[in-house]
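Notes to accompany the following structure.
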Amino acid sequence: MERFYLTTPIYYVNSTPHIGHAYTTVAADVFVRHQRQRGRESFLLTGVDEHASKVARVAAAQGLEPQEYVDGIVESWRALPARLGVSPDFFIRTSDEGHKRFVQEFLERIRQNGRDDIYQDVYAGLYCVGCEAFKTEDELVDGKCPEHDVEPEWIEERNWFFRLSAYQERLLALYERHDFVLPAFRANEARSFIESGLQDFSISRAGQPWGIPIPWDPDQVAYVWADALVNYLSALTYARSGEDLVERFWPVARHLLGKDILRFHCVYWPALLLAAGYEPPQQLFAHGYLLSGDRKVSKSLGNLVADPLDLVDLYGADAVRFWCARSVSFGQDGIASVDGLRERYERELGNDLGNLLSRVTAMIARYRDGDLEPSPSADSPIAAILEPLADDVAARLDDFDLTGALERIWEVVRALNRHVESTAPWQLAKDDARANELDCVLWDLLDGLRVVAIALAAYLPEASERILDALRQPATLDWREVAYGRAQRVEGLAAATPLFPRVDEPSLTV
RNA sequence: GGCGGCGUAGCUCAGUUGGUUAGAGCAGCGGAAUCAUAAUCCGCGUGUCGCAGGUUCGAGUCCUGCCGCCGCUACCA
């Protein structure tokens, strides 16, 4: 079976983690957990991008070396996946020695590929000293940098350039595979960009103290995209000491990215790889943004939105994961608000799913003293409902349809609640002659919940485990268990404690 | 300007290659039930499918024009 290697972008440490970072990280984790359930050898990579002139400047302002500075703030970035229930197989930092060494090798490979793909030229542009960045004409207001109200200087800098223009045809050939970049409209954007003609870009910057030195010209450091993108490959070379994972996980790589960095991932990166003699990644998926849709700004709410970890404290990692996957169609932009999170938590997690577990376990405990023998029946409506679930969900997740797969599972959750109503076990319990019927109904519900729990495990790892435990079912998450009729007999099953108890709304006033 | 996309019930959106009475969730109204975290289930929508034409036996689904909105259009994590 083909291996599965998925990456998030590496996050820029100069900001603090916000909901957008959590979003990508959670999505990546769901995909990887699901593939593992299907027995696929998988690897999840995330990490941070630490090389930027801004980092050096902030560090200097605090009287620190850049490395000291990033060493200090990287912990808040490591905490992000940890608190979201995400366990990356490796957390890369671009200041890792292994990464730096590999970037240098990588650039050297391009330079020596015999096609003269790296050459020296002059990069000229309008440079704002305040921003420490080059500006384009349309960024200026009245010829001045709008942020600093100064006229930028015309600066010419001798840099090393990458001959991107030579890769137009080879890049376009990649896009003949219809799912190279998803969603399709993003592939169109990237393709039309390529078709419009590619210009070479500089891969080095002069006069920067913080970065990876260009091996053949140590006075220059690698420009951000010649450094950061390479992490997807470099990580594989040193994530496991004494082991090179490149053979295992390249080129079966899939990159998750935000739509803002589409071009760099879908154009620059494949070209750099081709130039260095590597296969391009297998697939790229650009997701949209979670737009803040919160009611009037208050300090407490503002903080909640700014820091996803606060939301985890309040509602739990599973709730935040669920909200990420559920509230916005993956790939599209959408509104995400704390109100929406609470709504989903109460209505869907608490009422639909949590209460389903409560009522089913309570009935088994009450009507059967918690004992139940397996009693599957081929003509059970539950069998028909569960039968197509495993394939449907798997197919959607293979297509990065994070939202659609979850909706598919939720249809089953709703169907189970309907089944409770239509069979009315509390009525059957009144009639001893229908004891057998009641056994079948209760066991079907037990089995349905078991299937839902396993199907949801990638999204709600904690709740999934708690459901299986409450149902006295094995903790195995093997995807083949997402099928009707596999629940084991239970003994002494007790009414479950609420899965997603009500959470007091945080105070909205400061 | 160029390329691409969107505009479907109060809200958020589904609607395969054109084909029976246009769907889901949420909100609203009414009802049932009582196993359950007052949690669930059922019923209820005269929606100009942005506007105007066209193709077709038949179009939300194809074509043209118009209106409105959005994305991309190079060195910015």
Side-chain angles (χ1 to χ4, degrees), chain A residues 9-15 20-21 48-52 54-55 94 123 125 131 133-136 138-139 159 161-162 164-165 183-205 223-229 257-264 267-268 286 288 293 326-329 332-335 340 343-344 346-367 403-404 407 410-411 414 416-429 438 441-442 445 495-503:
Chain A
I10 48 174
Y11 306 121
Y12 184 44
V13 293
N14 206 55
S15 59
H21 303 114
V48 289
D49 177 11
E50 300 175 303
H51 291 137
K54 216 182 265 183
V55 167
T94 54
Y123 179 60
C131 299
F134 285 94
K135 296 286 172 180
T136 57
D138 55 337
E139 282 177 313
N159 292 141
F161 276 70
F162 172 63
L164 180 66
S165 56
F185 70 96
R186 295 295 177 200
N188 288 338
E189 287 180 7
R191 192 192 301 108
S192 66
F193 176 81
I194 297 167
E195 286 170 342
S196 72
L198 297 174
Q199 295 173 20
D200 299 344
F201 67 95
S202 61
I203 55 162
S204 72
R205 280 291 129 91
Y223 177 56
V224 54
W225 296 112
D227 170 349
L229 287 167
L257 49 133
K259 63 178 187 175
D260 53 326
I261 47 180
L262 182 83
R263 189 196 315 136
F264 306 104
V267 181
Y268 289 22
R326 184 104 172 110
S327 56
V328 173
S329 186
Q332 306 291 319
D333 287 346
I335 305 294
E343 187 88 0
R344 298 280 183 192
E346 290 182 0
R347 206 163 297 282
E348 300 188 317
L349 291 177
N351 298 353
D352 289 348
L353 179 62
N355 184 55
L356 176 65
L357 176 67
S358 291
R359 67 200 305 209
V360 168
T361 53
M363 288 190 289
I364 293 172
R366 181 157 158 178
Y367 302 137
T403 313
E407 169 61 20
W410 224 253
E411 286 173 9
R414 286 192 281 259
L416 290 172
N417 270 319
R418 273 198 298 277
H419 192 65
V420 174
E421 298 296 326
S422 62
T423 55
W426 48 91
Q427 296 294 344
L428 299 176
L438 178 59
V441 166
L442 292 177
L445 290 170
T497 53
L499 196 58
F500 295 101
R502 284 299 175 100
V503 170

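Naming convention: chains lettered A, B, ... in sequence-line order (proteins, then strands); numbering from 1 in each chain. Heavy-atom basis, side chains included; hydrogens, waters and symmetry copies ignored.
- Here the separation of B:rC29 from B:rG45, taken at their C1' atoms, is 11 Å to the nearest Å.
- Across all strands shown, A:Arg263 has heavy atoms under 4.0 Å from base atoms, whether or not it also approaches the sugar-phosphate.
- The gap from the C1' atom of B:rA74 to that of B:rG2 amounts to 16 Å, rounded to the nearest Å.
- Note: CD (A:Glu343) to C1' (B:rC11) measures 12 Å, nearest angstrom.
- Within the 4.0 angstrom heavy-atom criterion, base atoms lie near A:Leu499.
- Taking atom P on both B:rC76 and B:rC70, the two are 25 Å apart, rounded to the nearest angstrom.
- Rounded to whole Å, the separation between the P atoms of B:rA33 and B:rA27 comes to 23 Å.
- Looking at A:Asp49, its side chain has no donor and acceptor atom pair within 3.5 Å of the base of B:rA77.
- For A:Trp225 and A:Tyr268, the gap between ring centers reaches or exceeds 6.0 Å.
- Distance noted for atom P between B:rG53 and B:rC6: 23 Å (whole Å).
- Nucleic acid contact for A:Phe193: base, since at least one base atom lies under 4.0 Å from a heavy atom of the residue.
- Residue A:Arg366 places at least one side-chain N or O closer than 4.0 Å to OP1 or OP2 of B:rA36.
- Rounded to whole angstrom, the span from the CG atom of A:Asp333 across to the C1' atom of B:rU12 amounts to 14 Å.
- Each of A:Arg344 and A:Gln332 was assigned the nucleotide of RNA chain B with the nearest heavy atom; the assignment lying further toward the 5' end belongs to A:Gln332.
- With both ends at atom C1', the span from B:rG19 to B:rA32 equals 39 Å, rounded to whole Å.
- Taking atom P on both nucleotides, B:rC57 is separated from B:rU16 by 23 Å, rounded to a whole Å.
- Contacts of A:Tyr367 with the nucleic acid, taken as non-hydrogen atoms under 4.0 Å apart, involve only primed sugar atoms and P, OP1 or OP2.
- B:rU17 and B:rU48 are spaced 28 Å apart, taking the C1' atom of each and rounding to whole Å.
- Using a 4.0 Å heavy-atom criterion, one finds that A:Ser196 contacts no nucleic acid atom at all.
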